[in-house]
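Every number for a ligand or one of its atoms is a count from 1 in the order of the listing.
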Amino acid sequence: MSRSAELFDRAKQLMPGGVSSPVRAFRAVGGTPFFVTRAAGCRLTDADGKSYVDYVCSWGPLILGHAHPAVLEAVRGAAERGWSYGAPCEGEVRLAEVVCRRMPSIEMVRFVSSGTEATMAAVRVARAATRRDLVLKFEGCYHGHADGFLVRAGSGVATLGLPDSPGVPRALAELTVTVPFNDAAAVEDVFRRRGAEIAAVIVEPYVGNAGFIAPEPGFHATLRSLCDAGGALLIFDEVMTGFRVAPGGAQARLGVRPDLTTLGKIIGGGMPVGAYGGRAELMRLVAPEGPVYQAGTLAGNPVAMAAGLATLLETERPGFYEALERRTARLVAGIGDAARRHGVPVTAGHAGSMWGAFFTGGPVRNFAEAKRADAGLFARWHRAALERGVYLAPSAFEAGFVSSAHTDADIDFTIAQLDAALAAARPR
Ligand code: HOZ
């Protein structure tokens with residue numbers, strides 16, 4: 001028995017599914033999850049000494065790869081000065097300055113400890129500002145695991161094929177209206193029927209939790225106009241896309257200014273961090289300046305702030321995003337070429353260094369179309385890739401990520417292994 005298998009057996013006795021977050025249990029792809037003992041650059045090493053080129057990158061935060069020297073130094077330095085104060089620290093101010101500079105729609109920001117907290121709080125602010133209760137979200141989009149968001153959600157909910165979650169009171173779920181992503185007419189229809197009740201439209205501007213799905217041209221501009229006309233707020237959930245798909249996130253790439261933005265992942269450089277921010281007049285509703293309550297013992301943690309700041313500053317090196325995008329484009333093209341060679345239909349795409357591939361002829365514009373992809377083939381491909389030293393997200397409903405630690409040689413290696421994995425996995 002491998003060391004990972006042995007650890008997984010022990011974990012299953014003690015932790016639901018043996019994991020701390022559902023997708024990690026490998027239920028959608030089969031096999032036993034590997035347990036990580038070390039990570040450096042673009043590689044993970046498991047408890048049995050096997051190494052993998054990592055395209056999960058801690059589910060997005062590690063845009064510089066694992067244990068980047070600049071982040072390591074910042075974390076060490078911060079930890080030496082004490083790792084939790086429960087009091088304001090300079091790191092919060094410095095990170096806030098960078099976030100607001102790079103995302104000008106964020107005039108004020110509040111740091112929290114996870115993306116889930118960020119989206120919960122942003123919706124609370126939107127409800128308080130509009131004095132309305134309804135939230136419009138998109139099928140397959142995932143905004144963390146707060147009650148009101150577990151309605152036709154993506155990520156682990158989609159991976160496990162759960163319709164919605166038990167434990168969410170019906171009265172709360174009824175405050176969430178869902179429509180298909182990229183369907184402007186459906187959004188218009190909801191505004192026509194219930195516009196006066198809608199507090200906010202929340203969207204992953206590029207969907208990453210139903211696999212990777214790009215918006216159609218003009219979709220977000222339409223959301224912006226509908227929100228403006230209907231008196232609702234537009235919330236961009238940029239937990240995944242923020243500082244990932246462009247230096248200023250999806251809002252810069254798409255040229256659409258949301259009222260509120262939620263962040264996480266990259267702004268913590270791999271430490272537990274989230275944030276929400278937006279127009280000052282909205283953020284001034286947050287306690288203690290205003291009456292909307294939200295708080296956190298570890299919010300603004302000095303080590304997390306230092307890791308996030310070091311990460312963001314590294315991404316400001318000239319050509320950083322261009323190089324990442326070029327490598328990601330090559331990876332995605334390589335997967336497309338391999339699929340064509342093996343006669344497998346594929347729809348693959350990327351924005352910056354966030355990418356995905358569905359085994360279907362496409363187009364994939366929404367969650368329903370994503371679900372048409374061949375899940376069995378994906379599972380076999382995942383297992384075959386893992387055997388060949390490439391770690392893809394263990395779910396067809398999660399995006400992949402390339403980091404600056406992935407070299408051209410790593411991409412070449414990956415394309416060759418994914419090609420061989422597809423040859424082994426394809427139906428005959
Ligand atoms: N749901 C997150 C990714 N979309 C996190 C998954 C995990 O950490 O297992």
Practice problem: Provide the closest heavy-atom pair for Thr262 versus Ile235 in the form atom of the first, atom of the second, distance. | Solution: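 Here Thr262 and Ile235 meet closest at CG2-CG2, 4.3 Å.
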
Quiz item: Between Gln294 and Val112, what is the shortest heavy-atom contact and its length?
Solution: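 Residues Gln294 and Val112, closest heavy atoms: NE2-CG1, 3.2 Å.
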
Quiz item: Where is the nearest protein heavy atom to atom 1 (N) of ligand 1: which residue, which atom, and how far?
Solution: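 Going by distance alone, atom 1 (N) of ligand 1 is nearest to Ser155 OG, 2.7 Å.
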
Quiz item: Among protein heavy atoms, which lies nearest atom 8 (O) of ligand 1, and at what distance?
Solution: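 Heavy-atom neighbour on the protein nearest atom 8 (O) of ligand 1: Arg24 NH2, 2.8 Å.
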
Practice problem: Would you check, one step at a time, whether the test side chain to side chain contact (heavy atoms under 4.5 Å, CB included) holds for Tyr206 with Leu254? | Solution: CA-CA 10 Å; Tyr206 290 82; Leu254 296 164; 3.5 Å; yes

Self-check item: Proximity of Asn209 to ligand 1 by residue part, where a heavy atom lies under 4.0 Å
Solution: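 Contact part for Asn209 vs ligand 1: side chain (C-beta onward).
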
Quiz item: Taking distance alone, with no angle check, do Ser21 and ligand 1 share an N/O pair under 3.5 Å?
Solution: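 Right, the criterion is met.
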
Exercise. Give yes if a backbone or side-chain nitrogen or oxygen of Glu398 is under 3.5 Å from a nitrogen or oxygen of ligand 1, and no if not.
Key: yes

Quiz prompt | Ring centers of Phe34, Tyr391 separated by less than 6.0 Å | solution =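 Here the rings of Tyr391 and Phe34 have centres that are less than 6.0 Å from each other.
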
Quiz item: With Arg365, which residues qualify under side-chain hydrogen bond (donor to acceptor under 3.5 Å, both in side chains), at least two apart?
Solution: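 Arg365 satisfies side-chain hydrogen bond (donor to acceptor under 3.5 Å, both in side chains) with Glu369 once adjacent residues are dropped.
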
Quiz item: At a 4.0 Å threshold, what atoms of ligand 1 neighbour a non-hydrogen atom of Met240?
Solution: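 The list of qualifying atoms is 4 (N).
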
